[in-house]
Novice: 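Provided herewith is a single structure, encoded as C-alpha coordinates, for subsequent inquiry.
Order of the sequence lines fixes the chain letters, A, B, ..., with proteins taken first and strands second; residue numbering starts at 1 for each chain.
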Amino acid sequence: MKACITTFRSQKAGNSESEYEDAAWPAHSCEQNLPLRIAAADGASDAVFSGLWAEMLVRSWGRGRLNAPDFSRRVGRLGRAWRRTIRDRQLPWYVEEKARAGSYAAFIGLALSHTPGSSSGSWSAVACGDCCFFQLRESALITAFPVSQTSDFSSTPPLLTSDSARQVEGAAVLTATGSWEENDSLYLMTDALACWFLASCETGVIPWRLLTEVTLTQEPPFEQWLAKLRGRREIRNDDCTLLNVTFE
Amino acid sequence: MPYSAEISRSHPTLFVFLIDQSGSMADAFPGQPNRKKADALADAINHLLQNLVIRCAKEEGVRDYFSVCVIGYGNRVGPAFSGPLAGREFVPISDIGNTPARIEQRVKKSDDGAGGILEQTIKLPIWFDPVADGGTPMCNALSQAQTVVQRWIAQHPDCFPPTVIHITDGESTDGDPTQAMQSITNLSSSDGNVLLFNIHLSSDASATPIAFPDSAAGLPNQYARMLFECATSLTYTMRMVANTQHGMNLLDGARCFVFNAESVLMIQALDIGTRPSDLR
(Lines give C-alpha, C1' and ligand atoms only; values in the text may rest on other atoms or scores of the structure.)
Protein backbone atom coordinates (compact mmCIF):
# COMPACT_ATOMS: atom_id res chain seq x y z
CA MET A 1 0.00 0.00 0.00
CA LYS A 2 1.21 3.48 -0.82
CA ALA A 3 1.01 6.81 0.95
CA CYS A 4 0.94 10.12 -0.81
CA ILE A 5 2.90 12.71 1.20
CA THR A 6 2.53 16.38 0.38
CA THR A 7 4.99 18.79 1.99
CA PHE A 8 4.55 22.55 2.16
CA ARG A 9 6.90 25.09 3.66
CA SER A 10 6.96 28.85 3.94
CA GLN A 11 9.31 31.19 5.74
CA LYS A 12 7.96 33.95 7.93
CA ALA A 13 6.77 36.96 5.92
CA GLY A 14 9.60 39.47 5.68
CA ASN A 15 12.32 36.81 5.92
CA SER A 16 14.29 35.35 3.04
CA GLU A 17 13.91 31.71 2.04
CA SER A 18 17.35 30.93 3.49
CA GLU A 19 16.09 32.11 6.90
CA TYR A 20 13.45 29.35 7.10
CA GLU A 21 14.21 27.45 10.33
CA ASP A 22 11.53 24.73 10.27
CA ALA A 23 12.28 21.37 8.72
CA ALA A 24 10.18 18.60 7.20
CA TRP A 25 10.84 14.98 6.36
CA PRO A 26 10.41 14.26 3.56
CA ALA A 27 11.44 17.71 2.42
CA HIS A 28 9.47 17.38 -0.83
CA SER A 29 6.16 15.83 -1.80
CA CYS A 30 6.41 12.19 -2.85
CA GLU A 31 4.74 8.79 -2.86
CA GLN A 32 6.15 6.13 -0.55
CA ASN A 33 5.43 2.53 0.32
CA LEU A 34 4.52 1.75 3.90
CA PRO A 35 6.00 1.54 6.48
CA LEU A 36 7.21 5.12 6.46
CA ARG A 37 8.35 7.85 8.79
CA ILE A 38 7.63 11.56 8.52
CA ALA A 39 8.53 14.47 10.78
CA ALA A 40 8.33 18.23 11.29
CA ALA A 41 10.51 20.43 13.48
CA ASP A 42 10.54 24.11 14.36
CA GLY A 43 14.00 25.56 15.08
CA ALA A 44 13.99 28.19 17.83
CA SER A 45 14.24 31.69 16.43
CA ASP A 46 16.36 32.88 19.37
CA ALA A 47 19.11 30.29 18.84
CA VAL A 48 21.79 29.96 16.16
CA PHE A 49 21.98 27.13 13.65
CA SER A 50 18.48 26.10 14.71
CA GLY A 51 17.47 25.41 11.10
CA LEU A 52 20.39 22.99 10.94
CA TRP A 53 19.33 21.38 14.24
CA ALA A 54 15.70 21.03 13.07
CA GLU A 55 16.94 19.51 9.82
CA MET A 56 19.18 17.01 11.65
CA LEU A 57 16.27 15.94 13.88
CA VAL A 58 13.79 15.27 11.06
CA ARG A 59 16.40 13.54 8.89
CA SER A 60 17.44 11.24 11.76
CA TRP A 61 13.81 10.42 12.48
CA GLY A 62 13.08 9.80 8.81
CA ARG A 63 16.04 7.44 8.51
CA GLY A 64 15.02 5.51 11.62
CA ARG A 65 17.91 6.68 13.80
CA LEU A 66 15.69 8.37 16.39
CA ASN A 67 13.34 5.95 18.07
CA ALA A 68 10.96 6.05 21.00
CA PRO A 69 12.56 3.73 23.59
CA ASP A 70 15.79 5.69 24.02
CA PHE A 71 14.78 8.82 22.17
CA SER A 72 16.44 11.29 24.58
CA ARG A 73 19.79 9.48 24.52
CA ARG A 74 19.76 9.46 20.73
CA VAL A 75 18.92 13.18 20.67
CA GLY A 76 21.96 13.70 22.92
CA ARG A 77 24.16 11.87 20.42
CA LEU A 78 22.70 13.94 17.59
CA GLY A 79 23.46 17.10 19.58
CA ARG A 80 27.12 16.15 19.71
CA ALA A 81 27.01 15.72 15.92
CA TRP A 82 25.45 19.22 15.64
CA ARG A 83 28.33 20.66 17.66
CA ARG A 84 30.91 18.85 15.51
CA THR A 85 29.25 20.27 12.39
CA ILE A 86 29.76 23.87 13.51
CA ARG A 87 32.99 23.40 15.52
CA ASP A 88 35.47 24.11 12.78
CA ARG A 89 33.70 27.11 11.32
CA GLN A 90 35.20 30.57 11.74
CA LEU A 91 32.50 32.34 13.71
CA PRO A 92 32.26 35.93 14.96
CA TRP A 93 32.33 36.26 18.77
CA TYR A 94 28.55 36.65 19.09
CA VAL A 95 27.74 33.49 17.12
CA GLU A 96 30.43 31.56 19.01
CA GLU A 97 28.98 32.74 22.32
CA LYS A 98 25.38 31.97 21.34
CA ALA A 99 26.30 28.57 19.90
CA ARG A 100 27.81 27.70 23.29
CA ALA A 101 24.24 27.47 24.62
CA GLY A 102 23.31 24.96 21.92
CA SER A 103 20.33 25.05 19.63
CA TYR A 104 16.68 24.21 20.20
CA ALA A 105 13.71 22.89 18.25
CA ALA A 106 10.18 21.61 18.76
CA PHE A 107 9.68 18.25 17.09
CA ILE A 108 7.05 15.75 16.02
CA GLY A 109 7.79 12.42 14.35
CA LEU A 110 5.17 10.02 13.02
CA ALA A 111 5.79 6.38 12.05
CA LEU A 112 3.15 4.60 9.97
CA SER A 113 2.89 0.87 9.36
CA HIS A 114 0.44 -1.16 7.30
CA THR A 115 -1.51 -4.23 8.46
CA PRO A 116 -0.95 -6.81 5.70
CA GLY A 117 -4.06 -7.77 3.77
CA SER A 118 -6.02 -4.73 4.98
CA SER A 119 -6.49 -1.13 4.05
CA SER A 120 -5.54 0.13 7.49
CA GLY A 121 -2.59 0.17 9.86
CA SER A 122 -1.11 1.71 12.97
CA TRP A 123 0.72 4.89 13.80
CA SER A 124 3.06 5.92 16.59
CA ALA A 125 4.17 9.46 17.31
CA VAL A 126 6.87 11.13 19.41
CA ALA A 127 6.65 14.83 20.21
CA CYS A 128 8.46 17.49 22.18
CA GLY A 129 6.95 20.97 22.15
CA ASP A 130 4.15 22.32 20.02
CA CYS A 131 4.57 20.76 16.57
CA CYS A 132 1.36 18.76 16.15
CA PHE A 133 -0.18 15.67 14.58
CA PHE A 134 -3.85 15.79 13.53
CA GLN A 135 -5.88 12.87 12.21
CA LEU A 136 -9.09 13.56 10.31
CA ARG A 137 -11.67 10.90 9.50
CA GLU A 138 -14.85 11.67 7.58
CA SER A 139 -14.38 15.38 8.32
CA ALA A 140 -14.06 14.77 12.07
CA LEU A 141 -10.91 15.43 14.09
CA ILE A 142 -10.16 12.15 15.88
CA THR A 143 -6.58 12.77 17.07
CA ALA A 144 -4.78 15.95 18.13
CA PHE A 145 -1.34 15.29 19.60
CA PRO A 146 0.45 16.56 21.69
CA VAL A 147 -1.56 19.82 21.85
CA SER A 148 -5.35 19.62 21.66
CA GLN A 149 -6.45 23.17 22.53
CA THR A 150 -5.16 26.63 21.69
CA SER A 151 -4.81 27.60 25.36
CA ASP A 152 -2.01 25.01 25.65
CA PHE A 153 0.26 26.94 23.25
CA SER A 154 2.80 29.09 25.07
CA SER A 155 5.84 31.16 24.18
CA THR A 156 8.06 28.74 26.13
CA PRO A 157 7.23 25.19 24.97
CA PRO A 158 9.61 22.36 25.89
CA LEU A 159 12.22 21.97 23.15
CA LEU A 160 14.81 19.41 22.13
CA THR A 161 18.27 20.87 22.64
CA SER A 162 21.55 20.02 21.02
CA ASP A 163 23.26 20.57 24.37
CA SER A 164 23.11 17.32 26.33
CA ALA A 165 23.78 19.16 29.62
CA ARG A 166 20.51 21.04 29.10
CA GLN A 167 18.47 18.19 27.63
CA VAL A 168 14.81 18.19 28.62
CA GLU A 169 13.60 15.60 31.09
CA GLY A 170 12.01 12.52 29.54
CA ALA A 171 8.59 13.77 30.69
CA ALA A 172 8.67 16.52 28.07
CA VAL A 173 9.00 13.93 25.30
CA LEU A 174 5.51 12.53 24.72
CA THR A 175 4.48 9.43 22.80
CA ALA A 176 1.15 8.27 21.40
CA THR A 177 -0.12 5.40 19.27
CA GLY A 178 -3.26 4.71 17.26
CA SER A 179 -4.59 3.27 14.05
CA TRP A 180 -5.38 4.73 10.65
CA GLU A 181 -7.84 3.80 7.92
CA GLU A 182 -7.64 4.14 4.18
CA ASN A 183 -9.66 7.34 3.90
CA ASP A 184 -8.05 9.16 6.81
CA SER A 185 -6.09 12.32 6.22
CA LEU A 186 -3.08 12.88 8.49
CA TYR A 187 -1.35 16.20 9.07
CA LEU A 188 1.82 17.37 10.77
CA MET A 189 1.97 21.12 11.42
CA THR A 190 4.46 23.43 13.09
CA ASP A 191 3.04 25.63 15.83
CA ALA A 192 1.61 28.67 14.03
CA LEU A 193 -0.41 26.51 11.63
CA ALA A 194 -1.38 24.07 14.38
CA CYS A 195 -2.66 26.95 16.50
CA TRP A 196 -4.69 28.33 13.59
CA PHE A 197 -6.12 24.84 12.93
CA LEU A 198 -7.17 24.27 16.55
CA ALA A 199 -8.59 27.81 16.80
CA SER A 200 -10.80 27.02 13.80
CA CYS A 201 -11.88 23.73 15.40
CA GLU A 202 -12.73 25.57 18.62
CA THR A 203 -15.16 27.80 16.76
CA GLY A 204 -16.95 24.60 15.72
CA VAL A 205 -15.66 24.56 12.16
CA ILE A 206 -13.06 21.92 11.31
CA PRO A 207 -11.32 23.41 8.27
CA TRP A 208 -11.04 20.02 6.55
CA ARG A 209 -12.37 21.22 3.22
CA LEU A 210 -9.96 24.13 3.16
CA LEU A 211 -7.05 21.86 4.07
CA THR A 212 -8.11 19.40 1.38
CA GLU A 213 -8.20 22.16 -1.20
CA VAL A 214 -4.81 23.48 -0.18
CA THR A 215 -3.07 20.12 0.07
CA LEU A 216 -4.73 18.03 -2.65
CA THR A 217 -5.90 20.39 -5.37
CA GLN A 218 -3.44 23.12 -4.30
CA GLU A 219 -6.03 25.67 -5.21
CA PRO A 220 -5.43 28.14 -3.61
CA PRO A 221 -1.66 27.60 -3.59
CA PHE A 222 -0.20 27.22 -0.07
CA GLU A 223 1.77 30.49 -0.14
CA GLN A 224 -1.21 32.48 -1.31
CA TRP A 225 -3.52 30.93 1.26
CA LEU A 226 -1.00 31.60 4.03
CA ALA A 227 -0.51 35.20 2.91
CA LYS A 228 -4.26 35.74 3.27
CA LEU A 229 -4.34 34.21 6.75
CA ARG A 230 -1.39 36.39 7.76
CA GLY A 231 -2.98 39.46 6.20
CA ARG A 232 -6.16 38.86 8.20
CA ARG A 233 -4.02 38.20 11.33
CA GLU A 234 -5.66 34.81 11.70
CA ILE A 235 -2.24 33.20 12.00
CA ARG A 236 0.96 34.29 13.73
CA ASN A 237 3.68 35.47 11.36
CA ASP A 238 6.11 32.57 11.68
CA ASP A 239 7.75 29.88 9.57
CA CYS A 240 5.02 27.41 8.58
CA THR A 241 5.39 23.76 7.66
CA LEU A 242 2.62 21.36 6.73
CA LEU A 243 2.80 17.68 5.83
CA ASN A 244 -0.25 15.79 4.64
CA VAL A 245 -0.52 12.01 4.25
CA THR A 246 -3.29 10.25 2.36
CA PHE A 247 -3.42 6.57 1.36
CA GLU A 248 -4.07 4.87 -1.90
CA MET B 1 -3.29 48.19 22.04
CA PRO B 2 -0.07 50.13 22.83
CA TYR B 3 3.31 48.40 23.08
CA SER B 4 2.26 45.64 20.70
CA ALA B 5 4.20 46.66 17.56
CA GLU B 6 6.43 44.02 16.09
CA ILE B 7 10.14 44.49 16.78
CA SER B 8 11.81 43.22 13.66
CA ARG B 9 14.42 44.23 11.09
CA SER B 10 11.82 46.18 9.17
CA HIS B 11 10.48 47.71 12.42
CA PRO B 12 13.45 48.16 14.78
CA THR B 13 13.21 49.96 18.10
CA LEU B 14 15.68 52.18 19.98
CA PHE B 15 17.35 51.95 23.39
CA VAL B 16 18.90 55.10 24.81
CA PHE B 17 21.20 54.79 27.82
CA LEU B 18 21.65 58.06 29.63
CA ILE B 19 24.60 57.63 31.97
CA ASP B 20 25.71 59.80 34.86
CA GLN B 21 29.50 60.26 34.58
CA SER B 22 29.82 62.90 37.30
CA GLY B 23 32.65 62.89 39.85
CA SER B 24 30.53 61.10 42.48
CA MET B 25 30.46 58.00 40.28
CA ALA B 26 34.08 57.45 41.41
CA ASP B 27 32.69 56.58 44.85
CA ALA B 28 32.25 52.96 45.77
CA PHE B 29 28.90 51.19 45.99
CA PRO B 30 27.99 50.92 49.69
CA GLY B 31 29.23 47.57 50.99
CA GLN B 32 31.64 47.14 48.05
CA PRO B 33 34.59 49.36 49.01
CA ASN B 34 36.78 48.23 46.09
CA ARG B 35 34.13 48.72 43.44
CA LYS B 36 33.59 52.20 41.99
CA LYS B 37 30.05 52.84 40.78
CA ALA B 38 31.45 54.00 37.42
CA ASP B 39 33.34 50.69 36.99
CA ALA B 40 30.34 48.57 37.99
CA LEU B 41 28.11 50.54 35.64
CA ALA B 42 30.57 50.25 32.71
CA ASP B 43 30.77 46.47 33.29
CA ALA B 44 26.96 46.28 33.41
CA ILE B 45 26.53 48.32 30.20
CA ASN B 46 29.16 46.27 28.34
CA HIS B 47 27.54 43.04 29.51
CA LEU B 48 24.14 44.35 28.49
CA LEU B 49 25.34 45.39 25.03
CA GLN B 50 26.91 41.94 24.68
CA ASN B 51 23.59 40.31 25.58
CA LEU B 52 21.66 42.55 23.18
CA VAL B 53 24.04 41.60 20.36
CA ILE B 54 23.75 37.90 21.24
CA ARG B 55 19.94 38.12 21.39
CA CYS B 56 19.94 39.48 17.84
CA ALA B 57 22.65 37.13 16.54
CA LYS B 58 21.97 34.47 13.94
CA GLU B 59 24.53 32.40 12.14
CA GLU B 60 24.59 34.80 9.18
CA GLY B 61 25.16 37.90 11.37
CA VAL B 62 23.39 40.23 13.77
CA ARG B 63 19.83 41.19 12.85
CA ASP B 64 19.07 44.85 13.38
CA TYR B 65 16.10 44.59 15.73
CA PHE B 66 17.49 47.50 17.80
CA SER B 67 19.60 50.59 17.58
CA VAL B 68 21.41 51.85 20.65
CA CYS B 69 22.40 55.32 21.78
CA VAL B 70 24.66 55.87 24.80
CA ILE B 71 24.85 59.44 26.13
CA GLY B 72 27.16 60.22 29.02
CA TYR B 73 26.94 63.31 31.18
CA GLY B 74 29.50 64.76 33.57
CA ASN B 75 32.36 67.00 32.56
CA ARG B 76 30.92 66.78 29.05
CA VAL B 77 27.59 65.68 27.59
CA GLY B 78 27.36 63.55 24.47
CA PRO B 79 27.69 60.14 22.81
CA ALA B 80 29.77 57.90 25.08
CA PHE B 81 30.89 54.91 23.03
CA SER B 82 34.63 54.17 23.08
CA GLY B 83 36.69 53.00 20.08
CA PRO B 84 35.48 53.15 16.47
CA LEU B 85 31.90 54.01 17.50
CA ALA B 86 33.00 57.11 19.45
CA GLY B 87 30.85 60.13 18.62
CA ARG B 88 28.09 58.14 16.93
CA GLU B 89 24.58 58.91 18.07
CA PHE B 90 22.39 55.89 17.38
CA VAL B 91 24.12 52.75 16.28
CA PRO B 92 22.44 49.65 14.77
CA ILE B 93 23.03 46.60 16.95
CA SER B 94 24.90 44.84 14.10
CA ASP B 95 27.48 47.67 14.06
CA ILE B 96 27.82 47.31 17.81
CA GLY B 97 28.39 43.56 17.43
CA ASN B 98 30.98 44.01 14.73
CA THR B 99 32.79 47.07 16.16
CA PRO B 100 33.73 46.71 19.83
CA ALA B 101 36.48 49.04 21.06
CA ARG B 102 38.42 45.89 22.05
CA ILE B 103 37.81 42.28 23.03
CA GLU B 104 39.12 41.08 26.39
CA GLN B 105 39.33 37.42 27.36
CA ARG B 106 38.21 35.83 30.63
CA VAL B 107 38.17 32.23 31.85
CA LYS B 108 34.68 30.93 32.57
CA LYS B 109 34.04 27.79 34.64
CA SER B 110 30.92 25.76 33.96
CA ASP B 111 29.36 22.35 34.49
CA ASP B 112 30.55 19.95 31.78
CA GLY B 113 27.36 17.84 32.06
CA ALA B 114 29.33 14.84 33.32
CA GLY B 115 30.04 15.91 36.90
CA GLY B 116 33.18 17.90 36.13
CA ILE B 117 34.11 21.54 35.66
CA LEU B 118 34.76 22.88 32.21
CA GLU B 119 37.11 25.87 31.84
CA GLN B 120 36.44 27.91 28.74
CA THR B 121 38.07 31.09 27.55
CA ILE B 122 35.32 33.50 26.65
CA LYS B 123 35.53 36.73 24.75
CA LEU B 124 34.38 39.88 26.49
CA PRO B 125 33.83 42.78 24.10
CA ILE B 126 34.15 46.33 25.45
CA TRP B 127 32.31 49.33 23.99
CA PHE B 128 32.09 51.66 26.94
CA ASP B 129 34.74 52.74 29.47
CA PRO B 130 34.13 54.12 32.97
CA VAL B 131 34.28 57.90 33.42
CA ALA B 132 33.70 59.88 36.65
CA ASP B 133 34.41 63.57 36.32
CA GLY B 134 32.59 66.88 36.75
CA GLY B 135 29.04 67.87 37.71
CA THR B 136 25.64 66.37 36.94
CA PRO B 137 24.22 68.25 33.92
CA MET B 138 21.10 66.03 33.81
CA CYS B 139 18.84 68.55 32.01
CA ASN B 140 21.32 69.00 29.17
CA ALA B 141 21.67 65.22 28.83
CA LEU B 142 17.89 64.66 28.85
CA SER B 143 17.51 67.35 26.21
CA GLN B 144 20.05 65.55 23.98
CA ALA B 145 18.21 62.27 24.54
CA GLN B 146 14.95 63.94 23.55
CA THR B 147 16.49 65.15 20.29
CA VAL B 148 17.79 61.67 19.48
CA VAL B 149 14.45 60.01 20.25
CA GLN B 150 12.53 62.61 18.27
CA ARG B 151 14.77 62.03 15.26
CA TRP B 152 14.35 58.25 15.59
CA ILE B 153 10.55 58.47 15.75
CA ALA B 154 10.47 60.73 12.70
CA GLN B 155 12.30 57.97 10.81
CA HIS B 156 10.33 55.08 12.42
CA PRO B 157 6.84 56.44 13.14
CA ASP B 158 5.28 53.01 13.70
CA CYS B 159 8.06 51.45 15.76
CA PHE B 160 7.77 49.88 19.17
CA PRO B 161 8.32 53.02 21.30
CA PRO B 162 11.94 53.79 22.19
CA THR B 163 13.11 53.03 25.73
CA VAL B 164 15.26 55.61 27.54
CA ILE B 165 17.19 54.20 30.52
CA HIS B 166 18.54 56.92 32.74
CA ILE B 167 21.09 55.92 35.40
CA THR B 168 22.26 58.41 38.01
CA ASP B 169 23.59 58.54 41.55
CA GLY B 170 22.87 62.17 42.29
CA GLU B 171 20.78 65.24 41.73
CA SER B 172 20.90 67.50 38.71
CA THR B 173 23.33 70.44 38.83
CA ASP B 174 21.80 72.28 35.87
CA GLY B 175 18.21 72.71 37.03
CA ASP B 176 15.01 70.77 37.69
CA PRO B 177 14.89 67.87 35.20
CA THR B 178 11.11 67.31 35.52
CA GLN B 179 10.19 69.13 32.34
CA ALA B 180 13.01 67.55 30.32
CA MET B 181 11.82 64.08 31.41
CA GLN B 182 8.22 64.91 30.55
CA SER B 183 9.31 66.15 27.13
CA ILE B 184 10.77 62.70 26.49
CA THR B 185 7.76 60.72 27.71
CA ASN B 186 5.38 62.97 25.76
CA LEU B 187 7.00 61.71 22.56
CA SER B 188 5.25 58.76 20.97
CA SER B 189 5.19 56.48 17.98
CA SER B 190 1.87 55.12 16.69
CA ASP B 191 2.37 52.24 19.16
CA GLY B 192 2.59 54.32 22.35
CA ASN B 193 4.62 56.78 24.36
CA VAL B 194 8.36 56.59 24.90
CA LEU B 195 9.33 54.51 27.95
CA LEU B 196 11.56 56.19 30.56
CA PHE B 197 13.47 54.37 33.29
CA ASN B 198 15.00 56.22 36.21
CA ILE B 199 17.59 54.04 37.90
CA HIS B 200 19.00 55.76 40.96
CA LEU B 201 22.22 54.28 42.39
CA SER B 202 22.81 54.15 46.10
CA SER B 203 25.39 56.26 47.93
CA ASP B 204 24.30 55.28 51.41
CA ALA B 205 24.67 51.83 52.99
CA SER B 206 21.77 52.46 55.36
CA ALA B 207 19.32 53.40 52.57
CA THR B 208 16.71 50.81 51.61
CA PRO B 209 16.58 49.90 47.91
CA ILE B 210 13.16 50.41 46.29
CA ALA B 211 12.36 48.46 43.11
CA PHE B 212 9.60 49.30 40.62
CA PRO B 213 6.99 50.71 43.05
CA ASP B 214 3.41 51.28 41.82
CA SER B 215 2.83 54.23 44.13
CA ALA B 216 4.85 57.14 45.54
CA ALA B 217 3.79 56.28 49.08
CA GLY B 218 6.82 55.32 51.13
CA LEU B 219 9.36 57.12 48.95
CA PRO B 220 11.90 58.83 51.23
CA ASN B 221 12.07 62.35 49.75
CA GLN B 222 10.93 64.81 47.10
CA TYR B 223 13.76 63.84 44.72
CA ALA B 224 12.68 60.18 44.78
CA ARG B 225 9.06 61.23 44.18
CA MET B 226 10.12 63.34 41.18
CA LEU B 227 12.03 60.41 39.63
CA PHE B 228 9.05 58.15 40.30
CA GLU B 229 6.49 60.54 38.81
CA CYS B 230 8.55 61.07 35.65
CA ALA B 231 9.14 57.35 35.03
CA THR B 232 6.63 55.51 32.84
CA SER B 233 4.94 52.21 33.69
CA LEU B 234 6.56 48.89 32.85
CA THR B 235 5.19 47.05 29.82
CA TYR B 236 3.50 43.68 30.31
CA THR B 237 6.57 41.80 29.03
CA MET B 238 8.89 43.76 31.33
CA ARG B 239 6.71 42.83 34.31
CA MET B 240 6.71 39.20 33.25
CA VAL B 241 10.52 39.23 32.97
CA ALA B 242 10.77 40.86 36.43
CA ASN B 243 8.38 38.35 38.00
CA THR B 244 9.49 35.13 36.32
CA GLN B 245 13.21 35.72 35.91
CA HIS B 246 14.10 38.05 38.77
CA GLY B 247 11.74 36.73 41.47
CA MET B 248 9.81 39.99 41.81
CA ASN B 249 6.08 40.35 42.34
CA LEU B 250 5.12 43.40 40.30
CA LEU B 251 1.57 44.42 39.55
CA ASP B 252 0.07 46.42 36.70
CA GLY B 253 1.14 50.04 37.21
CA ALA B 254 4.66 49.28 38.49
CA ARG B 255 6.90 52.17 37.42
CA CYS B 256 10.20 52.01 35.55
CA PHE B 257 11.93 53.29 38.66
CA VAL B 258 14.41 51.98 41.20
CA PHE B 259 15.86 54.02 44.06
CA ASN B 260 19.02 53.40 46.09
CA ALA B 261 19.92 50.47 43.84
CA GLU B 262 23.01 48.44 44.71
CA SER B 263 24.88 46.70 41.89
CA VAL B 264 22.62 43.62 41.66
CA LEU B 265 19.40 45.63 41.45
CA MET B 266 21.05 47.93 38.89
CA ILE B 267 21.84 44.91 36.67
CA GLN B 268 18.32 43.50 37.11
CA ALA B 269 16.78 46.87 36.20
CA LEU B 270 18.92 47.09 33.06
CA ASP B 271 17.86 43.60 32.02
CA ILE B 272 14.17 44.33 32.60
CA GLY B 273 14.44 47.66 30.79
CA THR B 274 15.83 46.05 27.65
CA ARG B 275 13.11 43.38 27.43
CA PRO B 276 10.17 45.55 26.35
CA SER B 277 8.55 42.89 24.19
CA ASP B 278 9.23 39.49 22.66
CA LEU B 279 11.29 39.56 19.48
CA ARG B 280 9.41 38.23 16.47
Side-chain angles (χ1 to χ4, degrees), chain A residues 11-21 43-55 72-73 76-77 79-80 82-83 85-87 89-104 154-156 161-167 191-192 230 233 235-239, chain B residues 1 4-12 47 49-65 93-100 102-106 108 110-118 120-127 236-237 240-241 244-245 275 277-280:
Chain A
Q11 74 276 8
K12 173 182 166 174
N15 281 8
S16 67
E17 202 177 337
S18 65
E19 292 171 342
Y20 168 79
E21 293 177 317
S45 53
D46 59 356
V48 288
F49 299 110
S50 45
L52 170 68
W53 176 232
E55 182 63 38
S72 293
R73 192 176 61 81
R77 190 185 300 168
R80 289 189 285 280
W82 175 87
R83 195 160 289 287
T85 307
I86 63 166
R87 188 175 51 195
R89 301 187 189 188
Q90 280 288 357
L91 301 173
W93 69 266
Y94 42 81
V95 180
E96 201 178 292
E97 188 60 32
K98 200 164 186 174
R100 214 186 292 282
S103 200
Y104 297 81
S154 84
S155 58
T156 53
T161 169
S162 62
D163 184 347
S164 55
R166 300 170 203 242
Q167 194 54 266
D191 63 328
R230 285 171 176 159
R233 294 179 180 264
I235 191 169
R236 198 158 46 80
N237 184 17
D238 197 0
D239 290 344
Chain B
M1 199 173 82
S4 59
E6 177 176 278
I7 300 176
S8 62
R9 282 168 288 182
S10 50
H11 294 94
H47 190 64
L49 291 173
Q50 182 181 12
N51 282 343
L52 287 178
V53 170
I54 290 171
R55 268 162 63 191
C56 299
K58 295 299 284 183
E59 50 270 32
E60 78 280 2
V62 179
R63 295 185 179 175
D64 282 325
Y65 298 127
I93 195 72
S94 61
D95 283 2
I96 290 175
N98 291 316
T99 330
R102 59 189 182 278
I103 295 184
E104 297 178 354
Q105 297 207 332
R106 306 261 167 97
K108 183 182 179 183
S110 59
D111 181 356
D112 69 356
I117 298 291
L118 188 65
Q120 293 172 300
T121 303
I122 58 161
K123 293 173 181 169
L124 198 66
I126 305 293
W127 293 272
Y236 173 80
T237 307
M240 289 305 105
V241 169
T244 60
Q245 296 180 28
R275 309 276 288 277
S277 160
D278 290 329
L279 291 180
R280 307 288 161 84

Novice: Give the intermediate values and the outcome of side-chain contact (heavy atoms from CB on, under 4.5 Å) for residues A:N237 and B:E6.
Specialist: CA-CA 10 Å; A:N237 184 17; B:E6 177 176 278; 4.1 Å; yes
Novice: Report the distance from atom CH2 of A:W93 to atom CD1 of B:I54, rounding to the nearest 0.5 Å.
Specialist: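 One gets 5.0 Å once the value is rounded to the nearest 0.5 Å.
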Novice: Nearest 0.5 angstrom please: A:L91 CG to B:E59 CD, how far?
Specialist: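 One gets 9.5 Å once the value is rounded to the nearest 0.5 Å.
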Novice: Provide the closest heavy-atom pair for B:A57 versus A:Y94 in the form atom of the first, atom of the second, distance.
Specialist: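 B:A57 and A:Y94 have their closest heavy atoms at CB-CD1, 3.8 Å.
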Novice: Are B:K58 and A:E21 close enough for a salt bridge, meaning some N to O gap below 4.0 Å?
Specialist: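 Yes, this pair counts.
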Novice: Under 4.5 Å heavy-atom distance to chain B, tell me which part of A:A47 shows up: side chain, backbone, both or neither.
Specialist: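 Contact with chain B is through the backbone of A:A47 alone.
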Novice: Heavy-atom distances under 4.5 Å only: say whether B:E60 touches chain A with side chain, backbone, both or neither.
Specialist: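 Side chain only.
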Novice: May I ask you to check whether over 12 heavy atoms, not counting those of A:R77, lie within 6.0 Å of atom CZ?
Specialist: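 Counting other residues, nucleotides and ligands, CZ of A:R77 stays at 12 neighbours or fewer.
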